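To keep things clear, I will list the structure first and then write my remarks on it.
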Amino acid sequence: MESAQGIEAVSLANKKIILGVTGGIAAYKAAELCRLLIRAGADVRVVMTAAAQQFVTPLTFQALSGKPVPTSLWEAASGDGMEHIHLSRGADLLLVAPASADFLARLTHGRADDLLSALCLARACPLAVAPAMNREMWAAAPTRRNLEQLRADGVSLLGPATGEQACGETGLGRMLEPADLLAALPALLDAGPLAGKRVVITAGPTYEPIDPVRGLTNLSSGKMGYAVAQAATEAGATVCLVSGPTCLASPAGVTRIDVQSAADMRRAVLAALPADVFIAVAAVADYRVDAAAAQKLKKSAAGLTLQLVATPDILAEVAALPDAPFCVGFAAETGQLAEHAEAKRRKKKLPLLVGNLAQDTLGQDTAELVLFDDRGEHRLPRADKLVQARHLISHLVNLLN
Ligand code: CTP
């Protein structure tokens with residue numbers, strides 16, 4: 001049960017993927033990625049650059065994929081010499097992981113002087129790249145320019161992540177972990193139970209200013225909302241995550257829009273519609289300061305009284321739209337969970353509401369949830385938030401069907 005809800009739940013059955021491996025220390029992680037792709041049911045063909053072979057041998061990938069690993073435009077001349085054309089025909093995705101700074105530069109300019117770059121230029125399928133490089137190389141102006149061009153050319157960027165690098169430095173540029181890359185692929189491949197569905201998710205707290213340096217907020221970490229965004233992506237949905245201030249990295253493949261206040265969040269959500277599903281995980285502030293001060297407030301012995309006014313209820317507004325998506329609400333309570341949760345579900349006319357006890361959940365990595373729908377209550381005993389998010393998405397898929 002547990003494994004069926006884990007990353008093993010990602011299905012890439014019948015999907016033909018070409019995995020391009022370029023020269024970087026993360027090439028060793030591409031071996032694990034290859035294994036995960038095959039385990040998810042994909043038909044994988046690996047192509048390596050000359051530089052990649054300085055890190056891992058073609059034999060490793062041949063053993064993992066069970067297929068020969070082409071490495072050169074010229075050795076391919078053993079057939080009709082058109083390997084750079086044939087390989088991508090019939091493929092569903094060309095994924096270059098890791099994609100070095102040099103490879104991205106060559107890709108940007110349409111170079112075709114080795115098998116993998118020629119394959120990218122001659123491809124007849126979508127292309128995704130998982131950059132991996134030193135943080136300074138990632139931040140360098142030429143790399144920035146190249147990435148902008150690649151995005152404009154329709155190439156999907158997966159990552160990079162931030163953290164410790166092989167060179168000993170710490171920063172942005174690490175390749176995403178193989179499991180995170182795998183999680184992003186169903187959405188790119190139109191695979192999974194939510195394939196073709198657009199899902200908008202809110203996450204984190206909101207921040208309502210009092211003056212330019214102070215504000216009202218809450219203890220939401222955003223972990224649950226980000227986990228739901230990852231789980232929906234794994235299920236194949238195109239996900240737009242509207243996030244209040246958090247310290248979290250976006251799940252791979254998710255489009256994230258950062259906002260501060262409830263009013264900003266409402267605007268961003270309405271702009272992200274139409275959608276098939278709206279999941280409101282954010283702990284939206286119920287009140288904001290009526291007239292936030294333009295200048296920093298000075299303290300006074302007389303104390304301070306703030307006039308608060310209600311913020312817009314984003315979920316209620318979206319649920320009441322004529323073409324409302326399937327709406328899922330969250331309710332964090334400190335007691336009488338079932339009573340409050342059912343009352344909120346009825347009031348906002350939601351097909352599904354997720355209840356939890358705030359004091360047991362806020363900021364933590366695990367949560368105990370109860371799902372409320374027309375059929376009753378479904379308890380999800382305490383588990384990691386990503387595991388819970390996957391349960392929630394599979395429950396939602398059942399309701400949608
Ligand atoms: N929500 C929203 N916009 C708001 C307030 C809440 O979209 N302005 C959403 C939350 O994301 C969550 C659900 O509505 O999905 C929570 O419902 P709500 O009744 O507003 O919960 P609380 O704000 O916790 O209500 P209360 O403080 O009365 O318990």
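Counting begins at 1 with the first residue of the sequence. Given the structure is predicted, the values throughout are model-derived calculations rather than measurements. Every number for a ligand or one of its atoms is a count from 1 in the order of the listing.
Salt-bridge annotation for D114 and R106: present, with a side-chain N of the basic residue lying under 4.0 Å from a carboxylate O of the acidic one. The existence of a salt bridge linking K223 and D365 is confirmed by a sub-4.0 Å separation between a basic side-chain nitrogen and an acidic carboxylate oxygen. Salt-bridge check for K344 with E342: failed, with every basic side-chain N at 4.0 Å or more from each acidic carboxylate O.
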Using a cut-off of under 3.5 Å, which N/O atoms of ligand 1 pair up with protein N/O atoms, and what distance separates each pair?
unit_1: ligand 1; atom_1: 3 (N); unit_2: I314; atom_2: N; d: 3.0
unit_1: ligand 1; atom_1: 7 (O); unit_2: L315; atom_2: N; d: 2.9
unit_1: ligand 1; atom_1: 8 (N); unit_2: P312; atom_2: O; d: 2.8
unit_1: ligand 1; atom_1: 11 (O); unit_2: A280; atom_2: O; d: 3.3
unit_1: ligand 1; atom_1: 11 (O); unit_2: A282; atom_2: O; d: 2.6
unit_1: ligand 1; atom_1: 14 (O); unit_2: K348; atom_2: NZ; d: 2.8
unit_1: ligand 1; atom_1: 15 (O); unit_2: A280; atom_2: O; d: 2.6
unit_1: ligand 1; atom_1: 15 (O); unit_2: F330; atom_2: N; d: 2.8
unit_1: ligand 1; atom_1: 15 (O); unit_2: F330; atom_2: O; d: 3.3
unit_1: ligand 1; atom_1: 17 (O); unit_2: K348; atom_2: NZ; d: 3.0
unit_1: ligand 1; atom_1: 20 (O); unit_2: K348; atom_2: NZ; d: 3.2
unit_1: ligand 1; atom_1: 21 (O); unit_2: K344; atom_2: NZ; d: 3.0
unit_1: ligand 1; atom_1: 23 (O); unit_2: D286; atom_2: OD1; d: 3.1
unit_1: ligand 1; atom_1: 23 (O); unit_2: D286; atom_2: OD2; d: 2.9
unit_1: ligand 1; atom_1: 24 (O); unit_2: K344; atom_2: NZ; d: 3.2
unit_1: ligand 1; atom_1: 25 (O); unit_2: K344; atom_2: NZ; d: 3.2
unit_1: ligand 1; atom_1: 27 (O); unit_2: D286; atom_2: OD2; d: 3.2
unit_1: ligand 1; atom_1: 29 (O); unit_2: K344; atom_2: NZ; d: 2.9

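Listed by first and then second residue, the side-chain hydrogen bond (donor to acceptor under 3.5 Å, both in side chains) pairs that reach into residues 134-151 are N134-E169, R135-E169, Q149-D153, sequence neighbours excluded. The list of side-chain hydrogen bond (donor to acceptor under 3.5 Å, both in side chains) pairs with a residue in residues 13-31, not counting sequence neighbours, reads K29-E177.
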Let me have the donor-acceptor pairs involving side chains of residues 288-314, under 3.5 Å, with sequence neighbours excluded, atom names and distances please.
unit_1: R288; atom_1: NH1; unit_2: D290; atom_2: O; d: 3.2
unit_1: S300; atom_1: OG; unit_2: A302; atom_2: N; d: 3.0
unit_1: T311; atom_1: OG1; unit_2: A285; atom_2: O; d: 2.6
unit_1: T311; atom_1: OG1; unit_2: D286; atom_2: O; d: 3.2
unit_1: D313; atom_1: OD1; unit_2: L315; atom_2: N; d: 3.3
unit_1: D313; atom_1: OD1; unit_2: A316; atom_2: N; d: 3.0
unit_1: D313; atom_1: OD1; unit_2: K348; atom_2: NZ; d: 3.2
unit_1: D313; atom_1: OD2; unit_2: K348; atom_2: NZ; d: 2.8

